**Q** 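Before we start, here is the structure in question, set down as structure tokens.
The shown structure was predicted, so the numbers you read here are calculated from the model rather than taken from an experiment. Each ligand, and each atom within it, is numbered from 1 in the order the structure gives.
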Amino acid sequence: MNLILLGPPGAGKGTQAKRIEEARGLVQLSTGDMLRAAVAAGTEVGNRAKAVMEAGELVSDDIVIGIISERIDEPDCENGFILDGFPRTVAQAEALDKLLAEKNKTLDVVIEMQVEDDPLVGRITGRFTCAKCGEGYHDEFKKPARDGICDKCGGTQMTRRADDNEETVRSRLAAYHEQTAPLIDYYGKKGVLKSIDGMKAIDEVTSQISTVLDAV
Ligand code: ADP
Ligand code: ADP
Ligand code: ZN
């Protein structure tokens, strides 16, 4: 099964993608994670993306389409994948349709995570991640059982993203409403869209998604 998690920054896409990955053996494809890895490695793509990401704007379509096109050819994607943070523009969605058709793959469902803007700022400014295994946490909503120690892997180094500050979040939300929200209509018209309430607690969101996926 191949699916998209669609929603603004802080909607919970990464959190839920990791759970679906574990529960269903699908692979999470996060263009944000891939771009951050490219920035950290200092590749040409990373150098082109860095300033744009820090400003909370979108990296060019050709860069992210190129990254995804290569990634879905990898053998671990054969069982299915969860797109997290891609597509983010109508041009990316059209390119994805074309890519999937060429590769004889299908898009089974697009899950729209409906959330309100204001609480997202608090979700994002409180977000941190285990540097070792990538598990996501929150200062208030998802604390590790023991302070500073990852529940998953015991790692003790936690990181915060450079773009997870209030000012950049506002730009990212504006970019979402302008450039990404039109995808709700795009996938609605294709008949693959399912919407869930992303304002509920993390476990409740997981069960809503599970119900949707069981029906696909
Ligand atoms: P996205 O990938 O959509 O940007 P994340 O999954 O990283 O969002 O979630 C953003 C932050 O909010 C994280 O710190 C996460 O722990 C927290 N979070 C995720 N889902 C919820 C939820 N349903 N309620 C409260 N906090 C949440
Ligand atoms: P979040 O879901 O929390 O907003 P991501 O990790 O998905 O964050 O994205 C971080 C940044 O990476 C975005 O603000 C943007 O600059 C860039 N980015 C990620 N995915 C895309 C994409 N599909 N198209 C354009 N830019 C992207
Ligand atoms: Zn960890």
Side-chain angles (χ1 to χ4, degrees), residues 4-20 28-39 45-46 48-68 82-93 95-96 111 113-116 119-144 148-164 168-176 179-180 183 196-209:
I4 296 174
L5 292 182
L6 181 62
K13 303 180 298 293
T15 302
Q16 299 299 334
K18 290 216 155 51
R19 291 184 168 198
I20 303 168
Q28 173 193 13
L29 304 183
S30 158
T31 42
D33 285 348
M34 294 174 205
L35 288 166
R36 279 184 291 279
V39 170
V45 160
R48 282 169 67 194
K50 189 169 188 279
V52 180
M53 291 171 77
E54 278 168 3
E57 287 161 17
L58 294 187
V59 172
S60 72
D61 289 333
D62 59 318
I63 290 185
V64 287
I65 292 164
I67 292 180
I68 282 292
I82 308 152
L83 290 169
D84 159 11
F86 179 92
R88 259 176 157 95
T89 63
V90 171
Q92 290 177 23
L96 176 65
I111 301 181
M113 305 180 66
Q114 294 183 327
V115 282
E116 293 151 25
L120 293 181
V121 177
R123 281 200 194 174
I124 286 183
T125 52
R127 166 162 67 185
F128 61 95
T129 306
C130 170
K132 197 169 161 198
C133 75
E135 182 69 2
Y137 293 97
H138 191 277
D139 291 326
E140 192 182 335
F141 308 124
K142 194 189 167 208
K143 292 186 192 167
I149 303 173
C150 178
D151 294 344
K152 268 253 166 89
C153 77
T156 52
Q157 202 195 332
M158 299 290 176
T159 56
R160 290 184 193 255
R161 279 168 47 181
D163 60 344
D164 278 353
T168 311
V169 171
R170 298 279 175 201
S171 313
R172 284 155 62 198
L173 284 173
Y176 175 81
Q179 294 171 273
T180 309
L183 297 182
I196 58 121
D197 180 0
M199 293 310 298
K200 294 279 196 300
I202 296 178
D203 286 346
E204 280 178 66
V205 175
T206 304
S207 50
Q208 291 179 63
I209 291 177

**Q** With rounding to 10 degrees, what does the angle Cys153:SG / the Zn ion (ligand 3) / Cys130:SG come to?
**A**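 Answer comes to 100°, rounded to 10°.
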**Q** Under 4.0 Å, counting heavy atoms only: does Gly136 come that close to any atom of ligand 1?
**A**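 Checking ligand 1 against Gly136, which is what was asked, there is no heavy-atom contact under 4.0 Å.
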**Q** In terms of residue, atom name and distance, what is the protein heavy atom nearest to atom 23 (N) of ligand 1?
**A** Lys200 O, 2.8 Å
**Q** Considering only heavy atoms, does Ala17 approach ligand 1 within less than 4.0 Å through its side chain, its backbone, both, or neither?
**A** neither
**Q** Give a yes/no on ligand 1: does Ser30 have at least one heavy atom closer than 4.0 angstrom to it?
**A** no
**Q** Backbone, side chain, both or neither: what part of Lys13 comes under 4.0 angstrom of ligand 2, heavy atoms only?
**A** side chain
**Q** So for ligand 2, is Arg36 a polar contact partner (N or O within less than 3.5 Å, distance only)?
**A**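 Yes, there is a polar N/O contact under 3.5 Å.
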**Q** Under 3.5 Å, N or O to N or O, is Tyr137 touching ligand 1 that way?
**A** yes
**Q** What residue and heavy atom of the protein are closest to atom 24 (N) of ligand 2, and at what distance?
**A** Gln92 NE2, 2.9 Å
**Q** Short question: side chain of Ser171, backbone of Gly56 - any donor-acceptor pair under 3.5 Å?
**A** no
**Q** Establish, from distance only, whether the side-chain atoms of Gln16 and Thr206 form a donor-acceptor pair under 3.5 Å.
**A**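 Indeed, the side chains of Gln16 and Thr206 share at least one donor-acceptor pair under 3.5 Å.
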**Q** What protein heavy atom lies closest to atom 10 (C) of ligand 2? Include the residue and the distance to one decimal.
**A**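 In this structure, atom 10 (C) of ligand 2 has Arg161 NH2, 3.4 Å as its nearest protein heavy atom.
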**Q** From the options Asp84, Ile202, Asp33, Leu120, select the one whose nearest heavy atom is closest to atom 18 (N) of ligand 1.
**A** Ile202
**Q** Note the single closest protein heavy atom to atom 17 (C) of ligand 2, along with its residue, its atom name and the distance in Å.
**A**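 Answer, as residue, atom name and distance: Leu35 CD1, 3.7 Å.
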**Q** Return the residue, atom name and 0.1 Å-rounded distance of the protein heavy atom closest to atom 26 (N) of ligand 2.
**A** Val59 N, 3.1 Å
**Q** Give me the residue, atom name and distance of the protein heavy atom closest to atom 20 (N) of ligand 2.
**A**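 Scanning the protein heavy atoms, the shortest distance from atom 20 (N) of ligand 2 goes to Thr31 OG1, 2.8 Å.
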**Q** May I ask you to check whether Gly10 has an N/O atom sitting below 3.5 Å from an N/O atom of ligand 1?
**A**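 Yes, since at least one N or O of Gly10 sits under 3.5 Å from an N or O of ligand 1.
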**Q** Among all protein heavy atoms, pick the one closest to atom 19 (C) of ligand 2 and tell me residue, atom and distance.
**A**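 Protein heavy atom with the smallest distance to atom 19 (C) of ligand 2: Arg88 NH1, 3.4 Å.
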